[in-house]
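Just so you know, ligand 1 is whichever comes first in the structure, and atom 1 is the first atom listed for that ligand. Values in this document were obtained by computation on a predicted structure and should not be read as measured data.
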Amino acid sequence: MALNLVMLGPPGAGKGTQAERFAREHGIPKVSTGDILREAVHSGSELGQKVKAVMDRGELVGDDLITGIVRERLSRPDAAAGFVLDGFPRTVNQATALDEILAKRGPVICVEIQVPDEELVRRVKSRRVCADCGANADAFGQNGKDVPQLCQNTDRCRSVGPKWVTRSDDSEAVVRERLKIYWRDTRPVIDFYKSRPTFRVIDGKQTPEQVREAMVSAAASALDMPASQLRSMVMKKLSGVINVAPRGARQG
Ligand code: AP5
């Protein structure tokens, strides 16, 4: 069995925040399509140039393009024992493609984080990200209020300190457009999954720590195993797949 987790929910629901922590604590990769696209924009690659304007308007990039990116990422050995998908699937076409990509790779746990629209707009407008590494200000460390003094993701962030900026698609007008697109194109993805026995809903208005606990319980109950066994299941499976220490495992 693998720990295949899909995070669903509108912009600002806390998908990225929770995906990062869950992935780190369970030794699986976080695969965020938003992060992959933002990195491409940051690097000025051909992909980045193609998607920048679409992202800045809050619209979705094409299904074929994004599905190709996810297919390639999930084929890497570090995703064989599981992954957390953040931001994909966002259309029913993408969800259908994901089923095909994951055929014979075990069930997909789908967690929908629910938060009212006005709270989403408030969160997204006040979000700050590090211009150097793209990290979100840590909602866990700061109770979702202030940005921390340090982010620790790159040598530059550690030595010079983070450069907190607003994401280019986080203005109020673009957030409202993203929400409109969410209700039109992405909400049907919930209907696609909700009759499955591995579908769970979480109240995203709780504190980040409470949401984290609810996610771990949701994953454990979906796989019908104690939460304490999730990580060891991943480690056991990974040790048979790749010959390197898994992410988050003790070195030395
Ligand atoms: P993407 O990056 O995926 O953006 P999103 O889905 O709109 O989600 P967000 O990153 O805005 O929110 P989140 O739910 O991750 O919340 P977060 O944890 O950051 O996509 C960006 C763009 O890329 C799309 O618009 C599209 O153009 C393109 N794209 C990406 N994937 C695509 C796909 N599959 N198909 C087509 N196009 C695609 O939290 C938000 C804030 O709230 C943070 O400041 C955080 O600190 C705070 N917070 C988190 N949890 C809590 C809490 N419990 N209480 C209080 N504050 C909290």
Side-chain angles (χ1 to χ4, degrees), residues 6-23 30-41 47-48 50-71 73 84-95 97-98 111-117 119-130 134-148 151 164-171 174-183 185-187 189 202-215:
V6 166
M7 312 265 322
L8 300 167
K15 303 183 298 295
T17 301
Q18 296 297 336
E20 168 75 33
R21 178 93 171 239
F22 189 93
K30 170 184 120 162
V31 178
S32 160
T33 46
D35 286 354
I36 292 170
L37 295 173
R38 275 185 291 280
E39 272 165 36
V41 171
L47 169 66
K50 214 190 277 182
V51 299
K52 183 176 185 327
V54 177
M55 293 176 76
D56 283 348
R57 288 195 301 270
E59 295 167 6
L60 299 183
V61 308
D63 284 340
D64 289 348
L65 176 81
I66 202 77
T67 300
I69 291 171
V70 170
R71 185 189 300 278
R73 181 63 188 88
V84 184
L85 260 179
D86 160 26
F88 184 97
R90 256 181 156 90
T91 64
V92 171
N93 275 342
Q94 292 178 16
L98 184 64
V111 173
E112 180 197 359
I113 305 187
Q114 292 183 339
V115 176
D117 277 10
E119 168 67 3
L120 296 170
V121 174
R122 186 200 66 73
R123 283 187 193 179
V124 171
K125 275 169 52 191
S126 56
R127 168 170 46 199
R128 297 294 176 270
V129 296
C130 175
N136 262 10
D138 184 2
F140 285 97
Q142 304 296 314
N143 300 320
K145 290 196 179 86
D146 302 311
V147 293
C151 74
W164 295 117
V165 296
T166 303
R167 235 168 75 174
S168 60
D169 57 348
D170 275 354
S171 69
V174 177
V175 174
R176 293 207 181 270
E177 179 63 20
R178 285 159 61 197
L179 277 171
K180 215 161 78 188
I181 289 171
Y182 172 80
W183 285 104
D185 295 339
T186 308
R187 185 68 210 178
V189 174
I202 289 177
D203 174 6
K205 297 191 301 307
Q206 305 176 92
T207 65
E209 186 54 33
Q210 288 168 327
V211 177
R212 185 194 74 80
E213 285 166 13
M215 274 193 47

For I36, is there any backbone N or O sitting under 3.5 Å from a side-chain donor or acceptor partner on E39?
no
Hey, is ligand 1 close enough to G87 that some N/O pair sits below 3.5 Å?
yes
I'd like to check the side-chain contact (heavy atoms from CB on, under 4.5 Å) partners of D64; sequence neighbours left out, ordered by chain and number.
none
Please determine if R57 and D169 form a salt bridge, counting it only when a charged side-chain N lies under 4.0 Å from a carboxylate O.
no
D35 versus K30: any side-chain heavy-atom pair under 4.5 Å?
yes
Could you tell me whether R90 and ligand 1 have an N or O pair separated by under 3.5 Å?
yes
Is a side-chain N or O of K125 found less than 3.5 angstrom from the main chain of S171, in a donor-acceptor match?
no
If you compare E177, R123, R178, K125 by their heavy atoms, the one closest to atom 55 (C) of ligand 1 turns out to be R123
Does the side chain of V175 reach to within under 4.5 Å of the side chain of L120, using non-hydrogen atoms?
no
May I ask which of V61, L8, L85, L65 has a heavy atom nearer to atom 37 (N) of ligand 1 than the others do?
V61
Could you tell me whether some N/O pair between Q206 and ligand 1 is separated by less than 3.5 angstrom?
yes
Any luck finding a side-chain donor-acceptor pair between T91 and D185 under 3.5 Å?
no
Please list, chain by chain and in numerical order, all residues satisfying side-chain contact (heavy atoms from CB on, under 4.5 Å) with V70, sequence neighbours excluded.
T33, L74, L85, F88
Would D35 count as being in polar contact with ligand 1, using the rule that some N or O on each side must be under 3.5 angstrom apart?
no
Ligand 1 versus S32, non-hydrogen atoms closer than 4.0 Å: side chain, backbone, both, neither?
neither
Can you tell if the side chain of L65 reaches within under 4.5 Å of the side chain of L47, non-hydrogen atoms only?
yes
Evaluate Q94 for polar contact with ligand 1, using N/O atom pairs at a separation under 3.5 Å.
yes
Determine, using heavy atoms of G9 and all atoms of ligand 1, whether some pair is separated by less than 4.0 Å.
no
The answer for which part of T17 has a heavy atom under 4.0 Å from ligand 1 is both
When you check the gap from the basic side-chain N to the acidic O, do R21 and E209 get nearer than 4.0 Å?
yes
Going by the atom numbers of ligand 1, which of them fall below 4.0 Å from some non-hydrogen atom of T33?
30 (C), 31 (N), 32 (C), 34 (N)
With a 4.0 Å cut-off on N to O distance, would you call E112 and R187 a salt bridge?
yes
Find all atoms of ligand 1 within a distance of less than 4.0 Å from any non-hydrogen atom belonging to G16, and give their numbers and elements.
13 (P), 15 (O), 18 (O)
Provide the number and element of each atom of ligand 1 under 4.0 Å from a heavy atom of T207.
53 (N)
So, is L37 polar-close to ligand 1, with some N/O to N/O distance under 3.5 Å?
no
Using a strict cut-off of 4.0 Å, indicate which atoms of ligand 1 neighbour a heavy atom of A13.
14 (O), 16 (O)
Quick one: does any side-chain atom of R178 pair with a main-chain N or O of G58 as donor and acceptor, under 3.5 Å?
no
Check each atom of ligand 1 against the heavy atoms of P10 and keep those under 4.0 Å away; list them by number with element.
14 (O)
Selection from K15, R38, R167 by shortest heavy-atom distance to atom 4 (O) of ligand 1:
R167
Heavy-atom contacts under 4.0 Å between R128 and ligand 1: side chain, backbone, both, or neither?
neither
Counting only nitrogen or oxygen atoms and a 3.5 angstrom limit, does G14 reach ligand 1?
yes
